Amino acid sequence: QVQLIESGGGLVQAGGSLRLSCAASGRTFMSYPMGWFRQAPGKEREFVAAVTWSDRTLYADSVKDRFTISRDNAKNTVYLQMDSLKPEDTAVYYCAAGTAFSTRSYDYGTWGQGTQVTVSS
């Protein structure tokens, strides 16, 4: 059974930083695009960032220059470094493995359970 397990969420003040991790088990995701999405209360799930096996990256405009996605293929792990956090970044963050390098959630077929990020003002 394939599993994606996120960790690293928590409560942080505005301007602070957090690093999320997503560990894949059950199958290697080395060749798959990996993405981060988030969903705030009462809002649709939205794309945050994605990375290919060769380290091409894609970011939502709202997080560009503040968030950095990276992957360690040897550890089957994807990271999301979040700096200069804002209250509007508050959401549940989901890691996903995709079949296409895209911003569309339907291109990602395997999802983690999510980790809560709360940014206080």
Side-chain angles (χ1 to χ4, degrees):
Q1 185 72 19
V2 172
Q3 277 192 312
L4 298 176
I5 302 173
E6 302 99 333
S7 62
L11 173 64
V12 65
Q13 288 189 329
S17 298
L18 281 174
R19 188 175 84 152
L20 305 183
S21 299
C22 172
S25 63
R27 187 175 69 183
T28 178
F29 283 92
M30 189 175 66
S31 62
Y32 289 82
M34 299 292 293
W36 286 97
F37 290 76
R38 67 186 182 186
Q39 187 166 18
K43 294 189 177 181
E44 297 287 320
R45 187 172 297 189
E46 66 174 1
F47 170 78
V48 176
V51 62
T52 66
W53 69 272
S54 59
D55 293 329
R56 287 175 61 203
T57 57
L58 197 59
Y59 294 95
D61 287 343
S62 59
V63 306
K64 204 172 293 184
D65 299 326
R66 298 189 299 121
F67 290 11
T68 304
I69 189 171
S70 61
R71 64 192 298 166
D72 185 334
N73 290 330
K75 295 182 178 179
N76 235 13
T77 301
V78 179
Y79 305 97
L80 185 69
Q81 176 67 41
M82 305 186 295
D83 299 317
S84 302
L85 282 161
K86 305 175 181 180
E88 51 264 44
D89 294 319
T90 295
V92 177
Y93 283 71
Y94 298 90
C95 170
T99 55
F101 181 51
S102 87
T103 65
R104 301 180 298 259
S105 60
Y106 58 76
D107 283 325
Y108 295 80
T110 303
W111 294 80
Q113 82 288 352
T115 186
Q116 176 70 46
V117 171
T118 303
V119 184
S120 63
S121 58

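Every value quoted in this text rests on a predicted model; they were computed, and no experiment measured them.
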With heavy-atom distances below 4.5 Å as the criterion, would you say the side chains of Glu44 and Gln39 are in contact? no
Residue pair Tyr59 / Val48, side-chain heavy-atom distance below 4.5 Å: no
Rounded to the nearest 0.5 Å, what separation is found between the OG atom of Ser7 and the CG atom of Leu20? 8.0 Å
In terms of hydrophobic clustering (I, L, V, M, F, W, Y; side-chain heavy atoms under 4.5 Å; direct or indirect links), are Leu80 and Val92 co-clustered? no
For side-chain hydrogen bond (donor to acceptor under 3.5 Å, both in side chains), just list the numbers for Asp83 and Ser17, CA-CA rounded to whole Å, side-chain angles, deciding distance to a tenth of an Å, and then say yes or no. CA-CA 4 Å; Asp83 299 317; Ser17 298; 2.7 Å; yes
To the nearest 0.5 Å, what is the distance between CD on Glu88 and NZ on Lys43? 8.5 Å
Minimum heavy-atom separation for Asp107 to Ser102, with atom names? OD2-OG, 2.6 Å
Rounded to the nearest 0.5 Å, the OH atom of Tyr93 sits from the OG1 atom of Thr115 at a distance of 10.5 Å
Does the side chain of Pro87 come within less than 4.5 Å of Gln13's, by heavy atoms? no
With the side chain counted from C-beta on, respond yes when Phe67 and Leu85 share a heavy-atom pair under 4.5 Å apart, and no when they do not. yes
Test your reading of the model: is there a side-chain donor-acceptor pair from Ser62 to the backbone of Ala60, 3.5 Å cut-off? no
Reported OG-to-CD1 distance for the pair Ser25 and Ile5, which is rounded to 0.5 angstrom: 5.0 Å
Rounded to the nearest 0.5 angstrom, the CG-CE distance for Leu4 and Met34 is 5.0 Å
Side-chain contact test, heavy atoms from C-beta onward, threshold under 4.5 Å: evaluate it for Arg56 versus Phe101 and give yes or no. yes
Sidechain-backbone polar pair: Thr90 side chain, Thr118 backbone, donor-acceptor under 3.5 Å: no
Cluster check Trp36, Val51: I/L/V/M/F/W/Y, side chain < 4.5 angstrom: yes
Evaluate the salt bridge (charged side-chain N to carboxylate O under 4.0 Å, His left out) criterion for residues Asp61 and Lys64: first the C-alpha distance (whole Å), next the side-chain angles of each, then the deciding distance (0.1 Å), finally the verdict. CA-CA 5 Å; Asp61 287 343; Lys64 204 172 293 184; 3.2 Å; yes
Of Val63, Val12, Asp89, Val117, the one forming a side chain to side chain contact (heavy atoms under 4.5 Å, CB included) with Met82 is Val117
Atom OH of Tyr108: over 12 foreign heavy atoms under 6.0 Å: yes
Trp111 and Arg45: side chain to side chain contact (heavy atoms under 4.5 Å, CB included), yes or no, with the steps? CA-CA 12 Å; Trp111 294 80; Arg45 187 172 297 189; 3.2 Å; yes
For the pair Arg19 (side chain) and Tyr79 (backbone), establish whether a donor and an acceptor sit closer than 3.5 Å, ignoring hydrogens and angles. no
Establish whether Leu18 and Ile69 are linked, either directly or via other cluster members, by ILVMFWY side-chain heavy-atom contacts under 4.5 Å. yes
Asn73 (side chain) donor-acceptor with Asn76 (main chain) under 3.5 angstrom: no
Got a donor-acceptor contact below 3.5 angstrom from the Arg66 side chain to the Ser84 backbone? yes
Please confirm whether the ring centroid of Tyr94 lies under 6.0 Å from the ring centroid of Phe37. no
So do the side chains of Pro33 and Trp53 get within less than 4.5 Å of each other, counting heavy atoms only? no
